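One structure below.
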Amino acid sequence: MIKLIKFRTLEILRNIRKLKWLADLSHTNNAILAVDNCFATPIVQKPVLFGADLIIHSATKFIDGQGRVLGGLILGKKELTSPVYDFLRRTGSSLSPFNAWILSKSLETLDLRVERHCKNALELAERFQGHEKINAVRYPFLPTHDQFDLAKKQMKLGGGLLTIEVKGGQAACFKFINQIRLLSITANLGDTRTIITHPATTTHSKLSEEDRLNAGITDGTIRISVGLEHVDDIYDDINQALNHA
Ligand SMILES: *Cc1c(COP(=O)(O)O)cnc(C)c1O
């Protein structure tokens with residue numbers, strides 16, 4: 001049975017990325033903590049070490065890593081996962097053998113790929129700091145990130161995603177995106193190819209403006225899911241597009 005607990009919403013929003021804090025809050029209120037670890041992958045962050053009860057991944061992202069198949073994972077103790085397993089078994093939403101084979105092959109290279117995604121992302125974040133067309137660069141492993149200390153505690157690497165804040169808001173972002181030549185422009189993430197996204201008009205367009213701003217997404221925010229290309233090729237394409245925007 002699900003028991004709804006009246007949490008202090010603002011306090012949760014302020015602490016939303018502190019896994020240990022969230023686990024303690026959940027457990028003292030007889031609730032379970034489920035963490036969507038899709039952006040991090042198990043290579044970057046293991047929420048179970050901080051007390052999470054259920055961990056969820058979209059395998060469509062870094063776990064496949066090459067934009068080929070859809071899939072998902074729910075991990076946790078058997079008493080929590082077996083009702084999910086039973087439900088999926090009875091309702092038929094299971095992976096095809098071919099897609100399962102693709103994902104199991106992908107797992108063999110997950111650590112290699114994620115390390116390269118993270119290395120490229122950190123390198124780009126450092127290079128774009130102070131760029132004249134950008135107001136800010138956000139990446140958990142940049143010392144300028146307001147949760148740098150927390151990220152270093154919870155994460156082994158900084159992850160494959162960063163955001164840049166393009167000067168001039170949405171109009172400048174759209175000009176920038178139209179100038180991109182090499183990289184993909186879509187709302188996916190975690191692919192071999194670097195992906196450029198404008199969250200305010202795509203992934204987060206259903207949020208109210210207030211909720212979006214609370215989540216740190218402005219009209220000038222560009223999300224970059226950094227791929228496995230040579231970092232100079234990624235940098236050059238973004239840089240030329242920014243300079244034409
Ligand atoms: C994409 C995504 C999902 C949904 O995954 P699907 O494989 O598309 O069902 C869930 N959580 C996060 C954080 C995602 O990026």
Side-chain angles (χ1 to χ4, degrees), residues 16-17 19 34-48 52 54-75 95-96 98-128 137-142 145 147 151 154-164 177 180 182-206 215-217 221-231 233-235 237-238:
I16 196 75
R17 295 185 189 89
L19 295 176
V35 175
D36 186 333
N37 203 38
C38 170
F39 275 47
T41 79
I43 308 298
V44 166
Q45 174 174 274
K46 292 181 165 53
V48 72
L54 280 177
I55 295 134
I56 298 158
H57 290 275
S58 164
T60 316
K61 314 291 171 52
F62 287 104
I63 290 180
D64 169 38
Q66 288 146 86
R68 300 168 299 185
V69 301
L70 302 178
L73 291 85
I74 301 175
L75 310 164
L95 274 176
S96 74
F98 182 72
N99 286 7
W101 176 75
I102 295 256
L103 291 173
S104 74
K105 291 303 289 175
S106 282
L107 285 177
E108 294 171 5
T109 57
L110 183 66
D111 61 336
L112 291 172
R113 289 184 288 104
V114 169
E115 279 170 20
R116 175 70 173 267
H117 281 292
C118 295
K119 186 168 175 272
N120 277 354
L122 177 61
E123 172 84 28
L124 284 176
E126 285 170 346
R127 284 200 209 176
F128 280 116
V137 179
R138 222 172 286 133
Y139 184 69
F141 268 31
L142 276 186
H145 193 284
Q147 290 183 311
Q154 288 182 175
M155 297 159 70
K156 193 178 126 200
L157 296 160
L161 285 110
L162 63 113
T163 61
I164 55 176
I177 289 171
I180 287 286
L182 172 73
L183 312 178
S184 301
I185 301 158
T186 173
N188 192 24
L189 64 101
D191 193 358
T192 326
R193 294 267 302 274
T194 297
I195 295 168
I196 305 285
T197 310
H198 184 249
T201 53
T202 58
T203 55
H204 293 71
S205 61
K206 291 206 177 90
I217 297 162
T221 303
I222 292 283
R223 184 179 83 184
I224 304 169
S225 168
V226 180
L228 303 181
E229 305 95 330
H230 194 291
V231 70
D233 291 333
I234 309 171
Y235 178 83
D237 195 27
I238 296 173

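This structure is a prediction, so every number in the text was calculated from the model and none was measured. Residue numbers count from 1 along this sequence.
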Measure the shortest side-chain to side-chain distance between Ile238 and Phe128 over non-hydrogen atoms and say whether it is less than 4.5 angstrom. yes
Roughly how far, to the nearest 0.5 Å, is CD of Gln45 from CZ of Phe39? 12.5 Å
Show your working on salt bridge (Lys or Arg N to Asp or Glu O under 4.0 Å) between Glu123 and Arg127 and close with a plain yes or no. CA-CA 6 Å; Glu123 172 84 28; Arg127 284 200 209 176; 3.0 Å; yes
Flag side-chain contact, heavy atom, 4.5 Å: Leu75 against His57: yes
Using a 3.5 Å distance criterion without hydrogens, assess whether the side chain of Gln147 forms a donor-acceptor pair with backbone atoms of Arg17. no
Ala125 versus Tyr139, closest heavy-atom pair with distance: CB-CB, 3.7 Å
Leu161 and Val226, any side-chain heavy atoms less than 4.5 Å apart: no
Shortest non-hydrogen separation from Cys118 to Gly160 and the atoms involved: SG-N, 4.2 Å
So which heavy atom on Pro42 is nearest to which on Asn37, and how close? N-ND2, 4.0 Å
Determine yes or no for a side-chain-to-main-chain donor-acceptor pair under 3.5 angstrom, with Thr192 supplying the side chain and Gly65 the backbone. yes
Please tell me if the side chains of Glu126 and Leu142 come closer than 4.5 Å, counting only heavy atoms from C-beta onward. yes
Under a 4.5 Å cut-off applied to non-hydrogen side-chain atoms, are Thr221 and His204 in contact? no
Short side-chain donor-acceptor distance under 3.5 Å, Arg223 and Thr203: no
Measure across Ile217 and Pro199 and return the closest heavy-atom pair with its distance rounded to 0.1 Å. CG2-CB, 3.9 Å
Ile222 vs Ile177, side-chain contact (heavy atoms from CB on, under 4.5 Å): CA-CA, chis, key distance, verdict: CA-CA 9 Å; Ile222 292 283; Ile177 289 171; 3.9 Å; yes
Can you confirm whether more than 12 heavy atoms, excluding those of Arg68, are under 6.0 Å from its CZ atom? yes
Looking only at heavy atoms, the pair that brings Val35 and Pro47 closest together is CG1-CG, 3.8 Å
List the steps and the verdict of side-chain contact (heavy atoms from CB on, under 4.5 Å) for Ile224 and Ile196. CA-CA 5 Å; Ile224 304 169; Ile196 305 285; 4.1 Å; yes
Between Arg116 and Glu229 the two heavy atoms that sit nearest each other are NH2-O, 3.7 Å
Rounded to the nearest 0.5 Å, how far does CD1 of Ile43 lie from CG of Leu110? 4.5 Å
Is the shortest heavy-atom distance from the side chain of Ile180 to the side chain of Asp237 under 4.5 Å? yes
Begin from the C-alpha positions of His117 and Leu228 and carry the test side-chain contact (heavy atoms from CB on, under 4.5 Å) through to its verdict. CA-CA 6 Å; His117 281 292; Leu228 303 181; 3.6 Å; yes
One should read off an interatomic distance between Asp191 CG and Asp64 CG, to the nearest 0.5 angstrom, of 8.0 Å
d(Thr41 OG1, Lys61 NZ) to nearest 0.5 Å is 13.0 Å
Ser225 and side chain to side chain contact (heavy atoms under 4.5 Å, CB included): which single residue from Asn188, Leu189, Thr194 fits? Leu189
Show your reasoning for whether side-chain contact (heavy atoms from CB on, under 4.5 Å) applies to Ser106 and Arg113. CA-CA 9 Å; Ser106 282; Arg113 289 184 288 104; 3.8 Å; yes
Enter the distance from Asn120:CG to Leu122:CG here, rounded to the nearest 0.5 Å. 10.0 Å
Can you tell me how far apart CG (Asn99) and OG (Ser104) are? Round to the nearest 0.5 Å. 11.0 Å
